[in-house]
2 protein chains.
Amino acid sequence: MSRCENCIIRQFNSLRAMSKEELKKVSDTKVSKTFKKGDAIFEEGDRLDGVFCVRDGVSKLSKLSSNGKDQIIKLASKGEILGQRSVIAEESANLSAIAIKDMDVCFIPKESILHTLNTNPNFAVEVLRHMAKDLRDADDVIVNISQKTVKQRIAEAFIYLKDNFGEDELGFLNLSLTREDMSNVVGTATESTIRIISEFKKKGIIETSGKKIRILNIPKLETVISGL
Amino acid sequence: MSRCENCIIRQFNSLRAMSKEELKKVSDTKVSKTFKKGDAIFEEGDRLDGVFCVRDGVSKLSKLSSNGKDQIIKLASKGEILGQRSVIAEESANLSAIAIKDMDVCFIPKESILHTLNTNPNFAVEVLRHMAKDLRDADDVIVNISQKTVKQRIAEAFIYLKDNFGEDELGFLNLSLTREDMSNVVGTATESTIRIISEFKKKGIIETSGKKIRILNIPKLETVISGL
DNA sequence: ACCGAAACCTGACAATTGTCATATTTTTAA
DNA sequence: TTAAAAATATGACAATTGTCAGGTTTCGGT
């Protein structure tokens, strides 16, 4: 089994602020796990006794609202640490984490994390910086959802998917969400998303092939986002 | 001038995790300031060279959206620390802080904060816990804004104002927002807010006297929130 | 290759929310 | 106190979005 000390993923998250010794301890207690598309890594309300470091795949972090719909708060992929907020706050999970692409993760028991937090200020500050960034992102999402139209938000979501997950050789988005997941990201009804995607197709802004989506005209997308 | 070591406000925020010595240093470098209603403590994009500890009054933290409307992300009062996120992330402020009730704050230069963060893990973890809570709150706001109607959100806002800022002897809310600020909290047009408040008045759910608002029927408000 | 389930699509309509225009009331400041 | 400015209020209407009801297509497993 691979050792954390040699793990490249580490470079992308706060674990890089751990000392050699701390990493060794983490490595000794960690457990590799895999999750298939659709599997839950954890669910809202679960007590987490550790965090999950994503080595491969993608997970959606969502929260069930009182009207029965899921709201996707974030998409997490390689390098992200899941469950950190709950472990630090010593609360049960406020979000569910469901795999939307087969995942390869390391489970790290919370003891190593909490101990390092309490003894290594570098690590604590590194985690703090990450959380500060998440918080700013959340603020931006709040503004977007409440001040932009559904069409603008969907256009933004495509740009987001391109920028964060990239495109394959043929220009198709590496990560294609179902219309329903897309709706849960932007906070709207599935039918609305379908209609707007159809409209984008008719206008030559995007193109689909099977369930893959290719962005054809970024300037037009930007125009939609700007709301003109 | 009063000393941080004796400041009661400290109990409510992460400064309580500082040692006597650290507090003394903070106290020596801090500067008391007052802001009148309408004054900006700082604005979106400002580089902050410290944080602001609120001793009295209330501030709205808001972000301007591309369509020219403000979105209020949070209302901060006694005990809150403003600007912490930006100082920690070493970024310019992502939000503006405007006083909505005359304020009495202490400005604490970032050096003391950052130095303590890097040397006192207790303090770092305490700050982390606070930020973890803010992040969860932000997640909840995202779900609320995208999945609930304007009417539900306004009803929730009244409960929020009552729970967080309390009522005076006569049962009037201690903090009354203008209709415009209320709109910017729930993310809707001012006219919509006015209409819904009128409706609540007609239904005997709330009552107004001048610019003060009194909640008359909490169960009815809860019913509105539940969406039946 | 086939079946059932899930995903996708479209129309028709209703509900919600935003915009504009215009009063009225309240607050503020000279 | 009094005039100007800001906040509140309401109507009429348009735009956006949601819901329901029916389709078709695509996909995964046997």
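Within every chain, numbering begins at 1; the chains are lettered A, B, ... in the order of the sequence lines, protein sequences first and strands thereafter.
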Who pairs with N67(B) by side chain to side chain donor-acceptor pair (under 3.5 Å), at least two apart in sequence or on another chain?
-> S65(B)
Listed partners of E91(B) passing side chain to side chain donor-acceptor pair (under 3.5 Å), at least two apart = R136(A), R85(B)
Considering all heavy atoms, the nearest N13(A)-G79(A) contact | ND2-O, 2.9 Å
Does the distance from a Lys or Arg side-chain N to an Asp or Glu carboxylate O, for [X] and [Y], drop under 4.0 Å?
{"X": "E156(B)", "Y": "K148(B)", "result": "yes"}
{"X": "E199(A)", "Y": "K203(A)", "result": "yes"}
{"X": "K60(B)", "Y": "D181(B)", "result": "yes"}
{"X": "E44(B)", "Y": "K63(B)", "result": "yes"}
{"X": "K74(A)", "Y": "D139(B)", "result": "no"}

Which part of the nucleic acid does K69(A) contact within heavy-atom distance under 4.0 Å: base, sugar-phosphate only, or nothing?
-> sugar-phosphate
NA contact type, K201(B), heavy-atom cut-off 4.0 Å: base, sugar-phosphate, or nothing?
-> sugar-phosphate
Starting from the C-alpha separation in whole Å, work towards a yes-or-no answer on side chain to side chain contact (heavy atoms under 4.5 Å, CB included) for M103(B) and V54(B).
-> CA-CA 7 Å; M103(B) 298 183 74; V54(B) 180; 3.8 Å; yes
Bounded by its outermost nucleotides with an atom under 4.0 Å from a heavy atom of chain B, the footprint on DNA chain D reads dT8(D) to dA12(D)
With I100(A), which of T178(A), D39(A), L175(A) fulfils side-chain contact (heavy atoms from CB on, under 4.5 Å)?
-> L175(A)
Give me the residues of residues 178-200 of chain A where at least one heavy atom lies under 4.0 Å from an atom of DNA chain C, by number, or none.
-> T178(A), R179(A), E191(A), I194(A), R195(A), S198(A)
Taking only heavy atoms on the protein side, list every residue of residues 202-210 of chain A lying under 4.0 Å from any atom of DNA chain D, sorted numerically.
-> none
Identify the pairs formed between an N or O of the protein and an N or O of nucleotides 1-4 of chain C at a distance under 3.5 Å, and give each distance.
none

Whole Å only: how far is the NZ atom of K211(B) from the C1' atom of dT24(C)?
-> 17 Å
Full working for side chain to side chain contact (heavy atoms under 4.5 Å, CB included) between K212(A) and L173(A) | CA-CA 7 Å; K212(A) 303 239 75 178; L173(A) 291 174; over 6 Å; no
Using a 4.5 Å cut-off on heavy atoms from C-beta on, say whether the side chain of S59(B) contacts that of E80(B).
-> no
Residues R129(A), E90(B); criterion salt bridge (charged side-chain N to carboxylate O under 4.0 Å, His left out); working and verdict | CA-CA 9 Å; R129(A) 284 223 185 84; E90(B) 306 186 81; 3.2 Å; yes
